[in-house]
Amino acid sequence: MKKSVLICGQAGQGVQTIGYLLAKALMRERFEAFAWQDFQSRIRGGESSFRIVFSDDGALSLPVLFDIIVSLDKRNSEVYRPLLAKGGLFVAAPGAETGDAKVPDLGDFAADASKKKFLNTAMAASAAALTGVSADVLENLISEEFADKDKEVVNPTSPPSARAFGRRRKFPNGFHQTTNPARRGKNARGQNHRRRTFHQMKKNS
Amino acid sequence: MTGNEAVALGSIAGGCRFIAAYPMTPSTGIITYLASTSKRTGITAIQAEDEIAAVNMAVGASYTGERAMTATSGGGFSLMVEGISLAAMTELPLVVVLGQRPGPATGLPTRTEQGELLFALHCAHGEFPRFIFAPTDAASAFRVMRQAFDLSWKYRAPSIVLTDQYLADSYWTVPADTFAILPADESANKAATAHLGGLGFKTYALTSDGISPQGSLGSENTLVICDSDEHDEHGHLTEDLPTRAAMAEKRWRKFPLMEKEFAPPEIEGDKTSEAILVGWGTSATIAGETSKILSAKGLKSAFVKYEKIWPLAVNPALLDKRKKIVVIENNFTGQFARLLAEMGVRVSAKINRFDGLPFFPEELAQKISAGNL
């Protein structure tokens, strides 16, 4: 099994944050993940993408077309929509939709100006839900990564993914099958997983 | 982890004690990681005022006997080449990471390319032996950095490590056993500690293998002199021309031994395949992935992954005239193909990409299977 996700948006919108969270969450779900960053030499605006491929049998390079595209920006929706594979799913944040884009119901995260800064995290949750990442894995990860941020961003009582697409809902592209409970605790070779010390080093540094 | 983090971890495993660098995409992540972990590792990390200062600080740190490095991109490397020449003449070990991106000049700062292989091979004034590495992925970066340090200190010759944006900025899943701590390379320390003592210490002794005991600044009761001018065995400046010739010969006596350090990379995949895909650095990973796609389609395919570039070791299969050698690289002119050709390899086809994007193996496999080379 090999699947791919492309997250796109303007520089400064949190494309890297979503991509990093999702790639790491997929790794914690015992997949091998590979991600490449495609960005412009600018601090804000423009077009950028974070492309992830994940597999249970090695991931070292990128596909041409992607199974899921998540867009944070209308211009980026236009630029990257051609990279959607046949039968793939194109998801856009509210206001970024074009053509056949599906827009998750993010409730306050889209409507309330004070919460718009959390839009990227909400979209990360949507992308995670679509790829079969469990809410627990993502919530733990967000708590770790944003330990020094406002508590509101890590509030587990209102995971946007639950509202956006539902945790257990089936999707037309087969992604509900991607999390294999039988593989829990195993690495890609079926061996018992050992927590990588690298992550602890990074966290403690 | 990112490729840059793997490079930094490989440096720690390689015994690095000092890094000086000036930030430049895509290499900046190396010094930021080493700086952020410095309290735990004890590594000194300095952001220098520019790349010239950075490389010379690293050479100076090496003079004190500590393992030292710097990291930059093409523009910064251009500024560093005089310092690399200084490291070569003083025979002070040094590791330089060159994170490639599309040039010339500022080029495409955030995109990927492999355009500086021949620059790294020929850079700096004067002739001197050097090692060049090009990690193929993050696990390779960890291994390679350790070896770059060991060999640079063993032979007192600079090691240049070529990465690129595709390696440096990407996130890779790396098997935990990659980071198993290997025993230290004792031979690398032997030269540094032998024959110390007194004012008559010969840090450039004319040894039979060309490797002289390094010594280090501040060694107790030992005067260690280094000079960027040509020098005698004690390190004193000399204009004695026979001594100059003897020193040049001494420096180059190391090269045949350096050549023996690198075994030719294995042919992987179907060894009976007529076509062999060859890549170096990250394009080697692409060659491997492309070959796997071709095999899955039922097509015979083999590949070779080069992570140790110089001294170049050629697998005899690549010299077989019946084989179709296809070299894949992220540059316009086919720099590695040129090097292989100089070694007697008949390159049948070159696949080059130079628009700032990495290769996509599916695209390559389609091109190769359609015969559009």
Side-chain angles (χ1 to χ4, degrees), chain A residues 2 4 11 16 19-43 46-66 83 85 187-189 191-205, chain B residues 1-3 5-6 8-9 12 25-26 33-41 101 106-112 136-140 142 165-179 282-290 292-293 356-366:
Chain A
K2 190 173 268 189
S4 54
Q16 189 184 29
Y20 173 73
L21 287 173
L22 181 57
K24 200 163 179 176
L26 287 164
M27 218 187 74
R28 290 194 178 178
E29 291 284 9
R30 316 305 175 211
F31 290 109
E32 293 191 29
F34 170 77
W36 174 64
Q37 303 183 64
D38 154 37
F39 56 103
Q40 297 174 325
S41 180
R42 55 192 293 175
I43 306 298
E47 296 117 36
S48 62
S49 72
F50 193 105
R51 307 182 190 192
I52 304 169
V53 57
F54 62 101
S55 165
D56 52 9
D57 186 29
L60 291 169
S61 62
L62 298 164
V64 179
L65 302 175
F66 290 80
L83 298 186
N187 65 16
R189 295 179 189 84
Q191 301 157 331
N192 286 328
H193 180 78
R194 281 181 294 165
R195 180 70 69 200
R196 288 172 173 78
T197 54
F198 164 73
H199 295 293
Q200 291 159 353
M201 282 177 65
K202 192 176 178 200
K203 185 166 174 279
N204 295 336
S205 62
Chain B
M1 70 179 64
T2 65
E5 287 166 344
L9 284 169
I12 295 168
T25 303
Y33 185 85
L34 290 175
S36 68
T37 53
S38 62
K39 282 184 182 167
R40 301 179 67 210
T41 61
R101 68 191 208 190
T106 311
L108 289 172
T110 60
R111 312 291 175 163
T112 200
T136 59
D137 56 33
S140 160
F142 179 81
Q165 188 267 341
Y166 185 66
L167 171 69
D169 285 343
S170 291
Y171 289 87
W172 307 75
T173 303
V174 184
D177 55 13
T178 303
F179 304 106
T282 53
S283 73
T285 294
I286 298 295
E289 294 289 286
T290 305
K292 284 175 194 165
I293 293 172
L357 293 174
F359 285 107
F360 303 115
E362 287 167 13
E363 249 180 17
L364 273 184
Q366 203 172 11

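Letters go in sequence order (proteins before strands), and every chain restarts at 1. Atoms considered below: every heavy atom in the structure, side chains included; atoms not considered: hydrogens, waters and symmetry mates. Everything numeric here is computed off the predicted structure, so don't read it as measured data.
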Novice: Applying the side chain to side chain contact (heavy atoms under 4.5 Å, CB included) test to A/Leu60, which of B/Thr285, B/Thr173, B/Ile286 qualifies?
Specialist: B/Thr285
Novice: Measuring heavy-atom distances to chain A, does B/Glu363 have an atom under 4.5 Å in its side chain, in its backbone, in both, or in neither?
Specialist: both
Novice: Between OG of A/Ser61 and CG of B/Leu364, what distance do you get to the nearest 0.5 Å?
Specialist: 9.5 Å
Novice: Nearest 0.5 Å, what's the CZ-OG distance between B/Arg101 and A/Ser41?
Specialist: 7.5 Å
Novice: Output the distance between atom CG (B/Leu357) and atom CG (A/Asp38), rounded to the nearest 0.5 Å.
Specialist: 6.5 Å
Novice: Would you call the rings of A/Trp36 and B/Phe360 parallel, tilted or perpendicular, where under 30° means parallel and over 60° means perpendicular?
Specialist: perpendicular
Novice: Which atom pair, heavy atoms only, marks the closest approach of B/Asp169 to A/Gln37?
Specialist: O-NE2, 2.8 Å
Novice: Could you tell me which non-hydrogen atom of B/Tyr171 sits nearest to which non-hydrogen atom of A/Gln16, and how far apart they are?
Specialist: OH-NE2, 3.8 Å
Novice: Looking only at atom types and distance, does a side-chain atom of B/Glu289 sit under 3.5 Å from a main-chain N or O of A/Leu62, one as donor and one as acceptor?
Specialist: no
Novice: Considering only heavy atoms, which portion of B/Asp137 lies under 4.5 Å from any heavy atom of chain A: side chain, backbone, both, or neither?
Specialist: side chain
Novice: Go through the steps to decide whether A/Phe34 and B/Tyr166 satisfy the test ring-ring contact (aromatic ring centres under 6.0 Å, His included), and finish with yes or no.
Specialist: CA-CA 11 Å; A/Phe34 170 77; B/Tyr166 185 66; 5.6 Å; yes
Novice: Measure A/Ala33 against the heavy atoms of chain B and call it side chain, backbone, both or neither at under 4.5 Å.
Specialist: both
